[in-house]
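Start at 1 and go down the list; that is how both ligands and their atoms are numbered.
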Amino acid sequence: MKVTIKEIANAAGVSIATVSKVVNGKDHNITPATRQRVLETINELNYVPNRIASSMITKNTYTIGLVIPDITNPFFPEVARGVEDYANQAGYHVVLCNSDNNLKKESTYIYMLQEKMVDGIIITSSTSSVREESARNYMKIGIPIITVDRDMKDFKTQGKILVDNTKGAFEAVSYMIEKGYKKILHLSGSMNSTPSIQRFEGYKNALKYHNIDFDPDLYLEGTYDVEWGYEGIKKIMDKKIDFDSVFCGNDLIAIGAMKAIKELGLRIPEDIGIMGFDNIYIASVVTPSLSTVNQPNYKMGYKAAELLINFIKNPSKPDDEVVLETELIIRESTL
Ligand code: RIB
């Protein structure tokens, strides 16, 4: 039989309120001796607090939701680790949801998390606009939402953790041009996400700054995965379009592009330079190691959880937008 909070109180010789305060970490006005006695009794009787019951009183479940678009992309587990580390030290648990870049699935998760009474949600959305019918659950949200990495143009959130993608892309492509590359192919992620739009802007800004005309034949939109990088190189080769380097929307695209270029018998970086974006762990161990743009992946998650939990504790806190810096990381895949 489950041990009740009343049985703990009786066995420890204290009130139910005292046991509740110890369990919920709100025991600052309880003597250490009483706190110790309650904890020992809980341990002896194997008491497990009923979080759903206590949440009916405190209205807090000390649980937050994290919705990411692609759990197979190493960028997101690094963000999730940051979320979990901050949340756990603050006394919160995290429910992880993978939307598979599917807005309907994402919207269903948003609804489910509210049914489970999470105290707030951190999300990297699969889309930059939630006006679509399949996103209708967004319009019913009644708990704090923090977006991380991808901004949502038409949805008000309580905070955002972003990076300056345009600046990061500008610096990366400028580096490539200054190393002598002139025909830079851009294989982007989906233009349905703000990082893709901003990186494309940074790419065009760098070309313009260095007096190189933008050539629409050297831009192909795809998805943030290895398959697209591989397929994008095959496509450009089939079109017999000349290029001497590739600026990729993320590291997975770059890894796919490297595979295709090696299969063509071309040398990296002498024949073709490759630049990624994210600086996931794999970028440093592939051969040749990948030049890329570092995103503070872990810190983005950590700051997102900090922003959300601070907002849960202090709902009158004004909305906040944090834009973190990227850093150019030069390795073997560029001159
Ligand atoms: O690699 C996945 C991409 O999607 C990252 O660049 C990140 O910015 C996310 O938007």
Drop me the distance from [X]'s [atom1] to [Y]'s [atom2], to the nearest 0.5 angstrom.
| X | Y | atom1 | atom2 | answer |
| --- | --- | --- | --- | --- |
| N279 | E78 | CG | CD | 8.0 Å |
| F247 | Y175 | CZ | OH | 14.5 Å |
| E231 | D238 | CD | CG | 10.0 Å |

Inset, instruction - For atom 2 (C) of ligand 1, find the nearest protein heavy atom and state the residue, atom name and distance (0.1 Å precision). - result: N73 ND2, 3.0 Å
Legend entry - atom 5 (C) of ligand 1: the protein heavy-atom neighbour that sits closest, reported with distance to 0.1 Å: D278 OD1, 3.2 Å
Inset, instruction - Taking atom NZ of K262 as the centre, report whether more than 12 heavy atoms of other residues, nucleotides or ligands fall under 6.0 Å from it. - result: yes
Atoms of ligand 1 close to [X] [distance to a heavy atom under 4.0 angstrom, numbered from 1]:
| X | result |
| --- | --- |
| D149 | 7 (C), 8 (O), 9 (C), 10 (O) |
| R150 | 4 (O), 9 (C), 10 (O) |
| F75 | 7 (C) |

What about [X]: any of its N or O atoms under 3.5 Å from an N or O on ligand 1?
| X | result |
| --- | --- |
| S193 | no |
| Y224 | no |
| R199 | yes |

Legend entry - Cation-aromatic face contact K204/F200, 6.0 Å, 45 degrees: yes
Legend entry - Pair Y92 + Y86: ring centers closer than 6.0 Å: no
Legend entry - Donor-acceptor contact present, side-chain E171 to main-chain E327, <3.5 Å: no
Inset, instruction - Could you see which bit of F277 sits under 4.0 Å from ligand 1, with heavy atoms only: side chain, backbone, both or neither? - result: neither
